[in-house]
Number of protein chains: 2
Amino acid sequence: MARKQAVRREPLDPQRIYQAALDFMDVHGVDELSMRKLAALLDVDAMAIYHHVPGKQALLQGVYQVVLEELPLEEHAEVRWQDALRTLGMRFYRLAQRHPRIFPYLLSSQYGTPRELEIYQFIQQALRRTGLSDQDRLYATRALYTFAIGLASAAPTGLRLRPLYGEDSPSQPCQSSEDEVAFSIDLLIAGIERWLEER
Amino acid sequence: MARKQAVRREPLDPQRIYQAALDFMDVHGVDELSMRKLAALLDVDAMAIYHHVPGKQALLQGVYQVVLEELPLEEHAEVRWQDALRTLGMRFYRLAQRHPRIFPYLLSSQYGTPRELEIYQFIQQALRRTGLSDQDRLYATRALYTFAIGLASAAPTGLRLRPLYGEDSPSQPCQSSEDEVAFSIDLLIAGIERWLEER
DNA sequence: ACCTGAACACCGTTCAAGT
DNA sequence: ACCTGAACACCGTTCAAGT
């Protein structure tokens, strides 16, 4: 007991709190998390957390930021914009798949994180190489970003239609796959290419 | 007081409960809703609701279904698939705009409603007219549906990036518009058309 | 500086009881 | 059949106090 207290005495910073919350939610789901349980997990009084994180909303935002930081964003400028976007999309999909219980929920919590902005700018940057007009590039960026949000929200649970189909309709779409996501991204890229040809 | 009780004595059915919850959440947001407040709104003891709706999760699902039923789905078979999809997309966008406080949240509540399935099948039906293979049509349907979810989740709040930009960057994307959504949908449609040309 | 503990104003939900 | 009211096991958060 006294031993346990002695073992862990780093003084509880935001990163450690976010990480513990993330780990817990990955296992138990978003609804199960409470400030009190999280505190117990960190071996600390419930209210200690409030000295490092302003409240629950901020906690969830912090977790979201931590998750998004798992997404690699190095830019290789020599790469075709099509490949840059395809890679980003697939990575984003895999990230959402790694955290299926929390991604849809975090997306709904209205306020963005800095990392989200970086992703947005990455897309914008890649599209700069297409020669689209400013207006069209803005629109295309948002189309891609919107799609990514849909992907994160829907992919983990197979488009949320699982409970509506009977078990016995194997041809129905109950699992998303890498193939499918690649197809979707290519659809958007092909749309942009066609727009470029016709402009 | 006794008068008030006399005025409203229809005996409280699920539809009326869902509608009251929807109206409340449109004004006050999702987080503000509680079973107790909803009961007060319906002029009823808190626990009366449980005789018509199994619990809060079911309540939210019911509300989601009610909202989605606002989306018109009549099929005009003679219309080009491109136009059918464009119309559906724009209507879905406008619906999300009419309920900006609740759409992103309802999307995150994991389990689908029957109406969601109908929308999915509407898309599938429209794409049947393209001549895509079964596999490709399935993929394309899901790409479009995924995009719709992103739209509903992101559009109401301007892609959730608002707080990340300074007030003073007018060129930045803080409002989605009909134009922009139309552009996005056309991008996906163009992608499908190109796929058809190349197959 | 960092953490604690009691307290406040709520929750969703169960269950026995009322009419 | 439909509703009520008390009770249970929780919440997030505030605030004064401890070390």
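Each chain gets a letter, A, B and so on, in the order its sequence line appears, and its residues count up from 1.
Rounded to whole angstrom, the span from the NZ atom of B:Lys56 across to the P atom of D:dC10 amounts to 18 Å. Rounded to whole Å, the distance from CE on B:Met47 to P on C:dA16 is 16 Å. Atom CE of A:Met35 and atom C1' of C:dC3 are 15 Å apart (whole Å). Distance A:Leu42 CG to C:dC2 P: 16 Å, rounded to the nearest Å. Regarding B:Lys37, its NZ atom lies at a distance of 19 Å from the P atom of D:dC11, rounded to whole Å. As a whole-Å value, the separation of A:Arg36 CZ from C:dA7 P is 13 Å. The CG-P distance, from B:Asp43 to D:dC3, rounds to 12 Å in whole Å. Going from atom CG of A:Asp31 over to atom C1' of D:dG12 covers 15 Å, rounded to whole Å.
For the OP1/OP2 pair of C:dC3 and a distance below 4.0 Å, the side-chain nitrogens and oxygens of A:His52 include at least one atom meeting the criterion.
When distances are taken from the side chain of B:Tyr50 to each of D:dT4, C:dT13, D:dG12, the shortest belongs to C:dT13. Distance from the side chain of A:Asp45 is smallest to C:dG5 among D:dG12, C:dG5, D:dC3.
Taking the six-membered ring for Trp and the full ring otherwise, the centers of B:Phe92 and B:Phe147 sit at least 6.0 Å from each other.
Ion pairing of B:Glu197 with B:Arg194 is absent here, as no side-chain N (NZ or NE/NH1/NH2) approaches a carboxylate O to less than 4.0 Å. A:Arg101 and A:Glu32 are not joined by a salt bridge, as no carboxylate oxygen comes within less than 4.0 angstrom of a charged side-chain nitrogen.
In this structure, C:dC15 and D:dG5 make a Watson-Crick or G-U wobble pair, each of the two defining distances being under 3.5 angstrom.
Side chains of A:Gln65 and A:Glu69: a donor-acceptor N/O pair is present below 3.5 angstrom, by distance only.
With the nearest nucleotide of DNA chain C identified for both B:Gly55 and B:His51, B:Gly55 has the one nearer the 5' end.
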